[in-house]
2 protein chains.
Amino acid sequence: MRSTASDVARLAGVSVSTVSRALTVPDKVSTLTRLRVQEVARGLGYHPNQAARGLATGRTGNLGLVIPDLENPYFSSITKAVQSRARSVGYAVFVADTDEDSQEEPEIIRNLAKQVDGVILCSSRASDAELVDRAKETRVILLNREAADLPSVTADNVDGMRQAVRHLWALGHRDIAYVGGPVRSWSDSQRRLGFERAGAELEGVRTQELGAFQPFFSGGVAAADIVLASGATAVVVYNDLMALGLLERVKERGIVVGRELSVVSFDDIMLSAAITPRLTTVAVPIPLLARTAIDLLLGLFEDGAGTPGVARTRVVSLQHTIPVDLMVRGSTGPVPKPHRSLAR
Amino acid sequence: MRSTASDVARLAGVSVSTVSRALTVPDKVSTLTRLRVQEVARGLGYHPNQAARGLATGRTGNLGLVIPDLENPYFSSITKAVQSRARSVGYAVFVADTDEDSQEEPEIIRNLAKQVDGVILCSSRASDAELVDRAKETRVILLNREAADLPSVTADNVDGMRQAVRHLWALGHRDIAYVGGPVRSWSDSQRRLGFERAGAELEGVRTQELGAFQPFFSGGVAAADIVLASGATAVVVYNDLMALGLLERVKERGIVVGRELSVVSFDDIMLSAAITPRLTTVAVPIPLLARTAIDLLLGLFEDGAGTPGVARTRVVSLQHTIPVDLMVRGSTGPVPKPHRSLAR
DNA sequence: GTGCACATTGCAAGCCTTTGCAGTCCGCAC
DNA sequence: GTGCGGACTGCAAAGGCTTGCAATGTGCAC
């Protein structure tokens, strides 16, 4: 169906080896030959067969991305960013959605292992031991998760939570709840940790942790009434999607968010700046996250050169933490009135 | 790094050929040998190298999906569905996001061509001729787009629009606007067509077409004031994401959607049933869309058998149109009062 | 003029499977 | 007892590319 290197070789009157070299290591071929080969190749629309090249070199030029739920805007943004960065450095990416079910992961990784140079495993809820196991099949970078000493890229959840709670504190809130995400989620455990620490650092704050809830819109809806019953004047929600759900239900109950109840969440998905009230949220810089993950992965086996013309962050450590920023918007405001919890 | 067929062969005391056969065509191997080979293979965690298999058989077990914008929930749902269906029939999928820019497509397809058995090209805005060209590189299925006689799977946009307009008509609306999506979008042109036809079929309806707008939240925001200025009592919007934007701005202007202005759109993304007011929308059955596309693609080269245990729709025609359903929800309601346009 | 270094290029092996063909062995029929 | 078909199995080629090594040819120094 498509032309091969030997077609090019025949037409250019050279051997296949020369064709290969002319296209991959141009300086090992005389200028004249190189030009001729390249011209014939272009004329034929020749592109080397990646699979064959992979067989020969052991490098496939492919990456895998294992993601929990493409329908969560946060993860689809990550997918978009990873895919975009990968393409800009000459890699194609396999995407596999696990439906928030880490049981599928080993099978997926095994199937991908031979045709990728590595996989980015996003927000896996598998245990440390399981993850170490998976890393045996192929190179693995953990995204939004740390485990053992596997290479990983994570957002600074603890600091993000600190920023969120301090912001609420500065607004006068003294009774703050955390609406937690799924059990076994590493991010959730980090956010809980940050929540506890931040609460302990600040004076006169009463904190309470709710959940686990599902990390979907529906999870937020489910959490809403519990939050209202808790007496908290402000709430930090595991992620934006849940916050959206919570807002919806809270508004339905006639509460004005930003005045009667302040809401902060995590991720900064596109919609969170679009809805009313605009959502105060801890923004994870997704492009940076994706870029770091890919550079880390490539750094694991590329000798340093990389794709010419594309600057790459030099990889130093194997466990990266990306700084996060609190985006203050309309969903948070001053505590409405002296609240009974202040008296305590 | 990983074991190969020859490792298995050595340990099982047979030849590589036998290993291959034991694993792919078990009935050509004696029961005893087969069992031994399978056991050794399992013990070694052996999985055939897909790339090598692809070289040998010409079939890769991979699919490509080219999608305009992963951050649009409609497309991320499609990606999820395609990926899920593909996996269930034993295929892995490459995902490439073009950022709504069809210029990238040829390059992407060319790079993927040799490592996939086919490509699903979603909502491409390329011209017919360009698409025919792309189909020369590898098998191509068009999704949300028809062109020439290329195989395609599309939603029934015209009928969807008919349903939408009739619904508005039944509610008493006689002055209806269409907020259009991007120029050169095939779906948009179909929806415009349906809009014009539906308007012509119904008595006393005044229709007007606005746009083109960008198919994002921001596009809807931009359209809002124009819609309000148009005097229309009801509006059909190109897609849900835009409708969300429009709603936001319209609400900001103090208009109550569902009472003072009725809004219908297309896609039925998850959020459209979640926000207030819930969005009346033409639902595209995405799983069916994805499933049809994949089955069509596989039907193009699999001899009929397919993966055992997984039923597949028998492919008859090459251009499929998927029926759509209007989901009536809160964003549409009876026309508020006799409107001047009624008098005309 | 001779020899040598070096730049080019081709040969052939190797990467891992699959698969047509051929060989071996067995059992059975005549 | 001989012959034959059939069931298994191995050999080897093929698929497209990369790359170490060898071969060729050139230019230059001495």
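Note that the structure is a prediction, hence the values are computed from the model and not measured.
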Item to complete: Specify the separation, in whole Å, of atom NZ of B:Lys28 and atom C1' of D:dG10.
Response: 13 Å

Worksheet item: Is B:Arg87 paired with A:Asp97 through a side-chain N to carboxylate O contact shorter than 4.0 Å?
Response: no

Worksheet item: Could you give the CZ-to-C1' distance, from B:Arg10 to D:dT9, as a whole number of Å?
Response: 19 Å

Discussion item. Heavy-atom nearest nucleotide on DNA chain D for B:Arg36 versus B:Ala51: which residue maps closer to 5'?
Written reply: B:Arg36

Worksheet entry | Flag, side chain of A:Glu130 to backbone of A:Ser127, donor-acceptor distance under 3.5 Å | yes

Worksheet item: Taking five pairs at each end of the helix from C:dG1-D:dC30 to C:dC30-D:dG1, what angle separates the two helix axes (nearest 10°)?
Response: 60°

Worksheet item: Going by an N to O cut-off under 4.0 Å, is there a salt bridge joining A:Arg42 and A:Glu39?
Response: no

Worksheet entry | Partner of A:Tyr74 by side-chain contact (heavy atoms from CB on, under 4.5 Å), out of A:Asn144, A:Thr79, A:Asp69 | A:Asn144

Worksheet item: Please give, in whole Å, the distance from D:dT9 C1' to B:Arg34 CZ?
Response: 14 Å

Worksheet item: Using 4.0 Å as the upper bound for N to carboxylate O, is an ion pair formed by B:Arg34 and B:Asp27?
Response: no

Fill in: Heavy-atom protein contacts under 4.0 Å, nucleotides 13-23 of chain C, coded B base, S sugar-phosphate only, - none
-BBBBBBB---

Worksheet entry | Residues forming a ring-ring contact (aromatic ring centres under 6.0 Å, His included) with B:Tyr46, sequence neighbours excluded | none

Discussion item. To the closest 0.5 Å, what do you measure between CD (A:Glu104) and CG (A:Asn111)?
Written reply: 10.5 Å

Worksheet item: Is there a donor-acceptor contact under 3.5 Å from the side chain of B:Asp7 to the main chain of B:Thr4?
Response: yes

